[in-house]
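Comments concern the structure below.
Counting starts at 1 for both ligands and their atoms, in listed order.
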Amino acid sequence: MKSLLWLIVLLPLHAFGNETDAYQSDRERLLEEIRHDFRLTAPMIGNDRPDPKVEKALLEVPRHLFVPPENRSLAYHNRPLPIGYGQTISQPYIVALMTDLLNPRPDDVILEVGTGSGYQAAVLSRLVKHVYTIEIIESLAKLAKVRLEKLGYHNVTARIGDGYYGWKEHAPFDGIIVTAAASHIPQPLVDQLKPGGRMVIPVGGQFLTQSLLLVEKNDQGKVTTRQLLPVAFVPLTGKH
Ligand code: SAM
């Protein structure tokens, strides 16, 4: 009996198919709202619907398990939520958009700067080979690491650190996603992007207009930047 209890404790949560099913219709409704926002922003983005595989990932990942218990009832509202330490889990539409803009492919290795709750990393992990994610706030990084392991997202590696400098040991990356607003595009991240790779990053001051940028490095290593839409992110902190 004792060993059976341990087995239950150690099983990843998604092994319990029904545990998350209670929220399936909430996720479907949320996806409709995300599609609605895509249509509204299509003139700026050039795309009126997320890729079906991105939609599938959004339907699979249990956002309610990435927010503090007191906010669980709001988990499937299309809005950012506090996750403690003055930080937020991004709005689901923004997660969908940034994921879609990366154009993730099954063999890709992605770097995320700003693990936060781990939700964005979990969504990406359904679409690519591996996600490396860095969080500067130690307590958040530790919480996210445990959560991702417990939920069975084994192709995500998380660490504490200043993501401004990227993660040299695992570079170059097929894609880089920065989920905090930087004052400029960090050169170490540009350097760690593969030719043919994409980076999605909000740039701008905390109290000034921020823009979501799509940075592309072509096969010859030439970098181009497209400004897509105004956004509001917490700032990229650190000593850089
Ligand atoms: N992607 C997260 C999620 O899915 O929950 C949301 C990220 S939240 C909007 C931005 C995160 O970036 C915060 O947790 C913040 O602590 C982190 N951050 C800010 N500056 C950072 C830096 N220099 N390096 C790594 N993480 C940073």
Is the closest heavy atom of Ala144 to ligand 1 under 4.0 Å? no
Spell out, yes or no, whether Leu143 and Val156 are grouped together once hydrophobic residues are joined by side-chain heavy atoms under 4.5 Å, including indirect joins. no
Judging by distance only, is a nitrogen or oxygen of Gly163 under 3.5 angstrom from one on ligand 1? yes
Gly161: numbered ligand 1 atoms lying under 4.0 Å from its heavy atoms: 24 (N), 25 (C)
Need the ligand 1 atom indices (1-based, order shown) with element for anything under 4.0 Å from a heavy-atom of Tyr119. 4 (O)
Within a distance under 4.0 Å of any heavy atom of Leu140, pick out the atoms of ligand 1 and give their elements. 14 (O)
Counting heavy atoms only, name the option from Ile89, Thr115, Thr88 that's nearest to atom 2 (C) of ligand 1. Thr115
Measure from atom 4 (O) of ligand 1 to every heavy atom in Arg63, Met98, Gln120 and give the option owning the shortest one. Gln120
Check each atom of ligand 1 against the heavy atoms of Ile134 and keep those under 4.0 Å away; list them by number with element. 25 (C), 26 (N)
Should Met199 and Val190 be marked as a side-chain contact (heavy atoms from CB on, under 4.5 Å) after you check the CA-CA gap, both sets of side-chain angles, and the distance that decides it? CA-CA 8 Å; Met199 169 161 42; Val190 176; 3.9 Å; yes
Just let me know how Gln87 lines up against ligand 1, side chain, backbone, both or neither, with a heavy-atom cut-off below 4.0 Å. side chain
Audit row: Ile89, Arg63, side-chain contact (heavy atoms from CB on, under 4.5 Å) steps and yes/no: CA-CA 9 Å; Ile89 178 173; Arg63 191 172 189 255; 3.6 Å; yes
Would you check whether Ala121 reaches within less than 4.0 Å of ligand 1, judged by its heavy atoms? no
For atom 14 (O) of ligand 1, tell me which residue out of Glu135, His240, Arg159, Lys239 has the closest non-hydrogen atom. Glu135
Could you check whether any side-chain N or O of Thr179 sits under 3.5 Å from a backbone N or O of Val113, counting only pairs where one atom can act as donor and the other as acceptor? yes
Would you confirm whether Gln210, through its side chain, and Phe233, through its main-chain N or O, come within 3.5 Å as a donor-acceptor pair? yes
Tyr164 versus ligand 1: do any nitrogen or oxygen atoms come within less than 3.5 Å of each other? no
Atoms in ligand 1 flagged as close to Asp162, the criterion being non-hydrogen separation under 4.0 Å: 22 (C), 23 (N), 24 (N)
Identify whether the distance between the nearest side-chain nitrogen and carboxylate oxygen of Glu32 and Arg35 falls below 4.0 Å. yes
For the 3.5 Å polar cut-off, considering only N or O atoms, please tell me whether Thr237 and ligand 1 meet it. yes
What protein heavy atom sits nearest atom 18 (N) of ligand 1, and how far off is it? Ile136 CG2, 3.8 Å
Thinking salt bridges, do Arg49 and Glu55 make one under a 4.0 Å N-O criterion? yes
Reference residue Asp174; test side chain to side chain donor-acceptor pair (under 3.5 Å); the match among Lys194, Arg105, Arg198: Lys194
Close-contact set for ligand 1 against Ser90 heavy atoms, below 4.0 Å: 6 (C), 9 (C)
Tyr132 vs His170, side chain to side chain donor-acceptor pair (under 3.5 Å): CA-CA, chis, key distance, verdict: CA-CA 8 Å; Tyr132 291 94; His170 299 293; 3.2 Å; yes
Crowding at CD, Gln227 (>12 non-hydrogen neighbours, <6.0 Å): no
Identity and separation of the nearest protein heavy atom to atom 12 (O) of ligand 1: Gly114 CA, 3.2 Å
For ligand 1, which atoms, with element, lie under 4.0 Å from some heavy atom of Ala180? 12 (O), 19 (C)
Is there a donor-acceptor pair under 3.5 Å between the side chain of Asp100 and the backbone N or O of Val54? no
I'd like to know if Leu101 and Leu229 are part of one continuous hydrophobic network [Ile/Leu/Val/Met/Phe/Trp/Tyr, side-chain heavy atoms within less than 4.5 Å]. yes
Out of Glu33, Arg29, Arg27, which residue meets the side chain to side chain donor-acceptor pair (under 3.5 Å) rule with Tyr76? Arg27
Could you tell me if any non-hydrogen atom of Gly238 lies under 4.0 Å from any atom of ligand 1? no
Near Ile137 (heavy-atom distance under 4.0 Å), the atoms of ligand 1 are 16 (O)
Considering heavy atoms of the protein only, find what lies nearest to atom 7 (C) of ligand 1 and give residue, atom and distance to 0.1 Å. Thr179 OG1, 3.3 Å
Of the protein's non-hydrogen atoms, which lies at the shortest distance from atom 19 (C) of ligand 1, and what is that distance? Pro235 O, 3.6 Å
Among all the protein's non-hydrogen atoms, which is closest to atom 5 (O) of ligand 1, and how far away is it? Ser117 OG, 2.6 Å
Closer than 3.5 angstrom, by distance alone: can the side chain of Glu112 be matched with the main-chain N or O of Ile177 as a donor-acceptor pair? no
Just heavy atoms, cut-off under 4.0 Å: does Leu236 contact ligand 1 by side chain, backbone, both, or neither? both
